[in-house]
2 protein chains.
Amino acid sequence: MRNLSHNIEQYILNRLDGEEENFVSLRRKDLAEMFECVPSQINYVLRSRFSPEQGYIIESRRGEHGYIKIVKISCVTPEEKVEHTSDLIGKSISLHEASRLLEYLEDRELITQRERLLIEIALRHSSRIWEDETNNRREEMFADLLKRMLKGLMLIKDEKKTRRERIISL
Amino acid sequence: MRNLSHNIEQYILNRLDGEEENFVSLRRKDLAEMFECVPSQINYVLRSRFSPEQGYIIESRRGEHGYIKIVKISCVTPEEKVEHTSDLIGKSISLHEASRLLEYLEDRELITQRERLLIEIALRHSSRIWEDETNNRREEMFADLLKRMLKGLMLIKDEKKTRRERIISL
DNA sequence: CTGCCATTGATTATAGCTGACCTAGAAAAT
DNA sequence: ATTTTCTAGGTCAGCTATAATCAATGGCAG
C-alpha cells in the first residue's frame, strides 16, 4: 500500500528500459487496473516522478483510444564536469554571472548555442516580470530557474547510473 | 489498430510520400469504404491532422466527379515560421495547449527534444511562481514567454562557429 | 503536532466517431 | 436555356470513452 507510487514508477521505468525507443505508450485505465488503483493515481505518479525537470515529457490524448506517452529525453552528451552545476549556481545568482556560466557551458559543448539562448530568454523574462522585487529575491529566483533548466538537461547523463540502480534493486 | 483516424492519417501520409508531386487526390466516399467508416470521418481526419497550421492545404469539389486534394506546403522561410508560430500562440495559451504546440514543433523538427524540455521547464516554473494569479493573467504570460523563446530560436542564425572563434570573440 | 507525500473519487475536459441534414456541381430531362 | 435529378462532398450536434483536475482525506516521519 505504501509503495503503490513506487511500484508504478518502477514499472514505467522498466518499460522504458525495455523499449528500443526512448518512450513508452500507456493507457491510464489499463495501468490503473493493473495496479488496482484509481486512474488519477497515475497522474500523481507522472507529476511527481516524470516531470520535465526530471528529464521527461508527457504527451497524452483523451477520449476513445486515448493514451499517455512518456518520453525520456536522451541525447547522448558525454562529459561529466557539470555534476556540480548546482554548486556553481548556489542559492542566488545575478544575470551577469548566469551569462558567464552559460558561456562556459557552451564552450564545453555541454549545451548548444540555441539552448543557451533559450535559457537567457527565460531568465530575462522572469527578470522583467519581477522587476519590482528586491534584487536578492530576484537572484534567488534566477538561481532556481537556472538550476531547473540545467538539471533537466544534465539529467540525461544520469541515465546509466539510474539504470544500474534499477537493475540492482530488482 | 491504434485507431481509425490514425490509420487514415497514415494512409494519406503514405500516399503523399509515394507521389512525385506534393499532393494527392482522393475520393471521400472511397476512403470511407476502404476504412469502413462514415464519410464524415474523413473530414474529421483532415480537420484534425491536415490543417494549414500543420502545413497542408485542402482543395475539394462536390458533385459528380468530386474529389479532395491534399497539398503539402513545404518551403518556409525563418521569418514566416516566426510569424506562424506567433499566430498559433495568440494572446494567451494554456500549459496544455503549449505542450501540444511544442510536440508539433518537435515533430516538424523546428526544435529539438532538449529545447522542448527547456521550454517546458521554463513554462512550469513561471506557472508555479504565478500560481496566485488569475488563470487568464497566467496564460497571457505563458504566451509571452513562449513567443519570446520560440522567436529567439527561429531567428537564430545557424552559423556554425567553431569553438576557437567563440573563444577569440570573448 | 505538523507538514508532506500518497490516495481517493467527484467533477470537468476533450478526442474520436457517427448520423442526420445541408450544399455544390454536373448531367439528364424538358 | 431552364429545370430537375443525382452524386458527391460539408457541417454540426451529440454520444462515448478516456484523461485531467481538484479538493478532501489518510498516514507516516520528524
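Keep in mind the model is a prediction, meaning the values are calculated, not measured. By convention in this document, chain letters (A, B, ...) are assigned in the order of the sequence lines, proteins followed by strands, and residues within each chain are numbered from 1. Atom set for the values below is all heavy atoms of this structure, side chains included, hydrogens, waters and symmetry mates excluded.
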Item to check | Whole-Å gap separating P (C/dT14) and CZ (A/R27) | outcome: 19 Å
Checklist entry - Given C/dG16, is OP1 or OP2 found less than 4.0 Å from the side-chain N or O atoms of B/Y44? => result yes
Next on the checklist: Ignoring hydrogens and geometry beyond distance, is the side chain of B/S48 in donor-acceptor contact with the base of C/dG16 at under 3.5 Å?
Outcome noted: no
Checklist entry - In whole Å, what is the span from the CG atom of A/D30 to the P atom of D/dA19? => result 8 Å
Checklist entry - Which distance, rounded to the nearest 0.5 Å, do you find between the CZ of B/R138 and the CG of B/N136? => result 11.0 Å
Next on the checklist: Tell me the interatomic distance from A/Y67, atom OH, to D/dA20, atom P, rounded to whole angstroms.
Outcome noted: 11 Å
Next on the checklist: Distance alone, cut at 3.5 Å: any donor-acceptor contact between the side chains of A/R100 and A/Y104?
Outcome noted: no
Next on the checklist: Over all strands shown, is B/I42 touching base, sugar-phosphate only, or nothing at heavy-atom distances under 4.0 angstrom?
Outcome noted: nothing
Next on the checklist: Heavy-atom nearest nucleotide on DNA chain C for A/G63 versus B/S40: which residue maps closer to 5'?
Outcome noted: A/G63
Item to check | Distance, rounded to the nearest Å, where A/N43 contributes CG and C/dA10 contributes P | outcome: 16 Å
Next on the checklist: When you measure from the side-chain N and O atoms of B/S5 to the phosphate of C/dC17, is any distance below 4.0 Å, counting only OP1 and OP2?
Outcome noted: yes
Checklist entry - Hey, are A/E59 and B/S99 close enough side-chain-wise for a donor-acceptor pair under 3.5 Å? => result no
Checklist entry - Looking at D/dG10, does its base get a donor-acceptor pair with the side chain of B/R28 below 3.5 Å? => result yes
Checklist entry - Between C/dG25 atom P and B/H65 atom NE2, what is the distance in whole Å? => result 14 Å
Next on the checklist: So A/K72 and A/E19, do their side chains get closer than 4.5 Å, heavy atoms only?
Outcome noted: no
Checklist outcome for this item: Taken to the nearest whole Å, CG/B/L26 to P/D/dG10 is 11 Å
Checklist outcome for this item: Comparing B/R47 with B/H96, nearest DNA chain D nucleotide closer to 5' gives the residue B/R47
Checklist outcome for this item: Residues pairing under side-chain hydrogen bond (donor to acceptor under 3.5 Å, both in side chains) where one sits in residues 33-45 of chain B, two or more places apart or in two chains, turn out to be B/S5-B/Q41, B/R28-B/N43
Checklist entry - Does a nitrogen or oxygen in the side chain of B/R62 sit under 4.0 Å from OP1 or OP2 of D/dT7? => result no
Checklist outcome for this item: When rounded to whole Å, the CZ to P distance for the pair B/R124 and D/dT21 reads 10 Å
Checklist entry - Got a donor-acceptor pair under 3.5 Å from the side chain of A/R61 to the base of C/dA15? => result no
Item to check | B/Q41 CD to D/dG9 P, straight-line distance once rounded to whole Å | outcome: 15 Å
Next on the checklist: So, OP1 or OP2 of D/dA20: does either fall under 4.0 Å of a side-chain N or O from A/S60?
Outcome noted: yes
